[in-house]
Amino acid sequence: MLHNLETLARDAKSWPFEQARNLLGHVLKKRLSDAERDEAKLLIDAGKAGEALATFEALQRPVVLETGYGPSGLPHMGTFGEVARTTMVRNAFRALTGDHWATRLIAFSDDMDGLRKVPDGVPNPEMLAEDLHLPLTKVRDPFGTHEGFGQHNNARLRAFLDSFGFDYEFMSSTETYRSGRFDATLLTLLERYDAVMAIMLPTLGEERRATYSPFLPISPITGHVLQVPTLERNVEKGTIVFDDPAGGRTEVPVTGGHVKLQWKPDWAMRWTALDVDYEMAGKDLIESVRESGKICRALGGTPPDGFNYELFLDIEGKKISKSKGNGLTMEQWLRYGTPESLSWYMFQSPKSAKSLHFNVIPRAIDDYLSFIDQFRTQEPAKRIDNAVWSIHAGAPPEVASPVSFALLLNLVGVANASNKDQLWAYMAKYLPQATPDNEPVLDQLMDRALNYYVDFVKPTKAYRAPTEQEAAAFRDLAARLKALPADTTDGEIIQGEVYAVGKDHGFEPLRAWFAALYEVLLGASQGPRFGSFAAIYGLPQTIELIEQGAAGELASA
């Protein structure tokens with residue numbers, strides 16, 4: 001079974017497995033000689049990754065994957081996306097290596113960075129304005145819940161990641177700098193200062209070059225993160241000298257949290273100090289990845305493997321910004337969609353730009369549900385490339401929801417439901433054995449459907465009157481449904497009658513008939529499979545709805 005999984009992972013085509021194979025090649029090249037790498041590769045290809053691990057001591061160090069987070073603004077979905085996608089690569093790597101090799105996923109927060117501007121959409125902006133240039137963990141929390149603004153945003157991110165059950169290690173820039181964990185690499189950078197400057201200066205404008213230093217000292221007087229030139233450096237003492245606007249010429253050690261680094265050198269320093277093997281980044285950071293990689297090599301490290309994903313866009317096609325808050329927050333997605341639907345959305349085409357707005361949620365939910373249904377009947381080679389394999393680390397739930405989200409949205413509207421009890425009452429005939437306990441996903445979807453309908457669907461409802469052709473077809477459909485037993489709950493039987501009416505009344509193409517059903521009866525441009533909807537809503541109620549639509553009563557209401 002294990003060997004079979006490794007073979008499937010070796011041949012899988014989905015992007016997490018492509019990335020996992022690249023990561024494996026990177027680790028072998030980074031840690032082994034050419035001869036050792038060839039030997040290890042033969043073992044791994046033969047399904048003996050555990051034997052390769054036991055043979056080479058260098059492979060026994062954990063494989064480290066990292067994601068970064070800048071907590072200068074409210075957390076947004078892009079940050080979650082990095083953790084979710086990196087976890088998918090980690091899951092694929094475990095399958096590829098038979099889960100023999102230890103892996104670590106570090107979620108790193110750059111919370112020692114100075115607050116450069118007041119982000120939009122936060123309370124007490126005047127408080128933040130007073131704290132500009134302080135490290136984010138020293139900026140007072142405008143929400144009043146944590147010691148600092150950085151701690152507040154870190155907590156929000158961690159709470160959400162924890163709710164997904166992610167296996168990760170959270171690291172704070174403030175804590176790692178102050179603890180001395182970065183000291184050795186910081187001293188190396190001090191020693192190789194000229195090499196780092198030679199990499200950075202050509203990337204800067206003339207004015208910036210004149211004052212640039214990779215070191216950002218923390219003022220002992222104001223506590224501000226200072227962007228000032230380094231006047232002197234003393235490698236033996238491990239110190240730099242700079243001009244503090246609040247106190248003149250000042251000397252501080254580069255260790256122990258007295259300085260932090262500009263972000264590109266900081267990125268490279270982390271890769272080196274933490275021995276990071278994999279980190280993905282947005283397409284807008286391609287140049288930064290390249291320059292940070294050069295610095296990492298100058299520090300004696302090996303840049304990690306990874307890839308550049310496309311950015312999420314808001315409803316207007318603009319890049320999502322954590323400072324502007326123009327995208328969905330994680331809390332907002334969970335008000336309307338399930339955690340699994342968000343993971344599904346993150347899985348899809350990471351190298352293609354996608355809108356991240358409220359209107360993508362219903363489709364994401366139903367697509368996730370359909371992939372769960374497909375997984376049950378797929379052969380192993382297809383299963384491993386199914387998105388739900390990556391979302392659930394190879395063990396997706398056996399069943400999802402017996403009812404689609406689109407159908408629930410329409411049921412909420414037509415039934416004028418305001419709570420789950422009303423929705424469960426409709427389900428009682430259609431799914432008599434279903435309860436909130438044995439259909440927990442359906443129960444969760446009801447909550448989300450009620451929220452989504454009230455906030456987004458109801459305000460846009462627009463019923464129209466039927467044409468003469470449509471009205472005649474509606475009357476015919478009502479008559480045919482009346483001929484069925486009143487307790488009919490077989491959606492396929494009802495759907496058959498719907499199809500027959502559309503064909504008999506000459507709708508061409510047939511989708512025009514279904515469009516009429518949605519627009520006249522449901523006040524929407526699209527909707528669920530009508531037979532399934534009618535089965536849940538109830539045949540007598542559906543007949544009444546059709547007769548009202550035929551008479552134009554819904555459009556005039």
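When reading the values below, keep in mind they use all heavy atoms of this one structure, side chains included, and skip hydrogens, waters and symmetry mates.
For the side chain to side chain donor-acceptor pair (under 3.5 Å) test, no residue two or more places apart in sequence or in another chain qualifies with R448. S292 is linked by a side chain to side chain donor-acceptor pair (under 3.5 Å) to nothing, counting only residues two or more places apart in sequence or in another chain. The ring pair (Phe, Tyr, Trp, His ring centres under 6.0 Å) search around W344 returns F371, not counting sequence neighbours.
For the 3.5 Å distance criterion, the side chains of E291 and T203 fail to qualify, holding no donor opposite an acceptor. Between S219 and T222, the side chains place a donor N or O and an acceptor N or O closer than 3.5 Å (distance only, hydrogens not considered). When only modelled atom types and interatomic distance are considered, R156 and Q151 share no side-chain donor-acceptor pair under 3.5 Å. Using modelled atom types and a 3.5 Å distance limit, the side chains of R181 and T176 yield no donor-acceptor pair. Between the side chains of D111 and T137, not a single donor N or O lies within less than 3.5 Å of an accepting N or O. In the model, Q262 has no side-chain atom that pairs as donor or acceptor with a side-chain atom of Y212 under 3.5 Å. For D11 and T7, the side-chain atoms include no donor-acceptor pair closer than 3.5 Å. For the residue pair E36/S33, the side-chain donor-acceptor check at 3.5 Å is satisfied. At a cut-off of 3.5 Å, with distance as the only test, a side-chain donor of E82 or Y309 sits close to an acceptor on the other residue.
A salt bridge does not link K30 with D305: every distance from a Lys NZ or Arg NE/NH1/NH2 to an Asp or Glu carboxylate oxygen is 4.0 Å or more. Taking the charged nitrogens against the carboxylate oxygens, K48 and D45 have no contact shorter than 4.0 Å, which rules out a salt bridge. Ion pairing between a basic and an acidic side chain is recognised when a charged N comes within 4.0 Å of a carboxylate O; R270 and E66 show such pairing.
No more than 12 heavy atoms of other residues, nucleotides or ligands sit less than 6.0 Å from atom CZ of R363. Within a 6.0 Å sphere centred on CD of Q444, heavy atoms belonging to other residues, nucleotides or ligands number more than 12. When the shell of 6.0 Å around CD of Q378 is examined, it contains more than 12 heavy atoms from other residues, nucleotides or ligands.
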**Request:** Could you walk me through whether R249 and D244 pass side-chain contact (heavy atoms from CB on, under 4.5 Å), step by step?
**Result:** CA-CA 6 Å; R249 197 174 184 88; D244 188 337; over 6 Å; no
**Message:** The test is side-chain contact (heavy atoms from CB on, under 4.5 Å); show your working for R383 and L8 and say whether it passes.
**Reply:** CA-CA 10 Å; R383 281 186 168 190; L8 291 171; over 6 Å; no
**Asked** Which is it for Y278 and F93 under the side-chain contact (heavy atoms from CB on, under 4.5 Å) test, yes or no, and what are the steps along the way?
**Response** CA-CA 11 Å; Y278 185 90; F93 184 85; over 6 Å; no
**Request:** I would like to know whether T239 and N234 meet side-chain hydrogen bond (donor to acceptor under 3.5 Å, both in side chains); could you show each step before the answer?
**Result:** CA-CA 5 Å; T239 63; N234 189 318; 4.9 Å; no
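Side-chain contact check for M171 versus L274: some heavy-atom pair is nearer than 4.5 Å. Using a 4.5 Å cut-off on side-chain heavy atoms (C-beta onward), H258 and I218 make no contact. Taking 4.5 Å as the limit, some side-chain heavy atom of L128 sits within range of a side-chain heavy atom of V139. Counting only heavy atoms from C-beta outward, the side chains of L115 and H133 never approach each other to under 4.5 Å. Using a 4.5 Å cut-off on side-chain heavy atoms (C-beta onward), E279 and F108 make no contact.
Using a distance-only test at 3.5 Å, with no hydrogens or angles considered, no donor-acceptor pair links the side chain of S349 to the main chain of S352. Side chain of R140 to backbone of E147: no donor-acceptor contact under 3.5 angstrom is found. Using modelled atom types, no side-chain atom of E169 and backbone atom of L105 make a donor-acceptor pair closer than 3.5 Å.
Of the residues R61, R104, R31, the one that meets the salt bridge (charged side-chain N to carboxylate O under 4.0 Å, His left out) test with D277 is R31.
Ring centroid separation for the pair W333 and F358 does not come in under the 6.0 Å cut-off.
Heavy-atom minimum distance, L132 versus V118: CD2-N, 4.1 Å.
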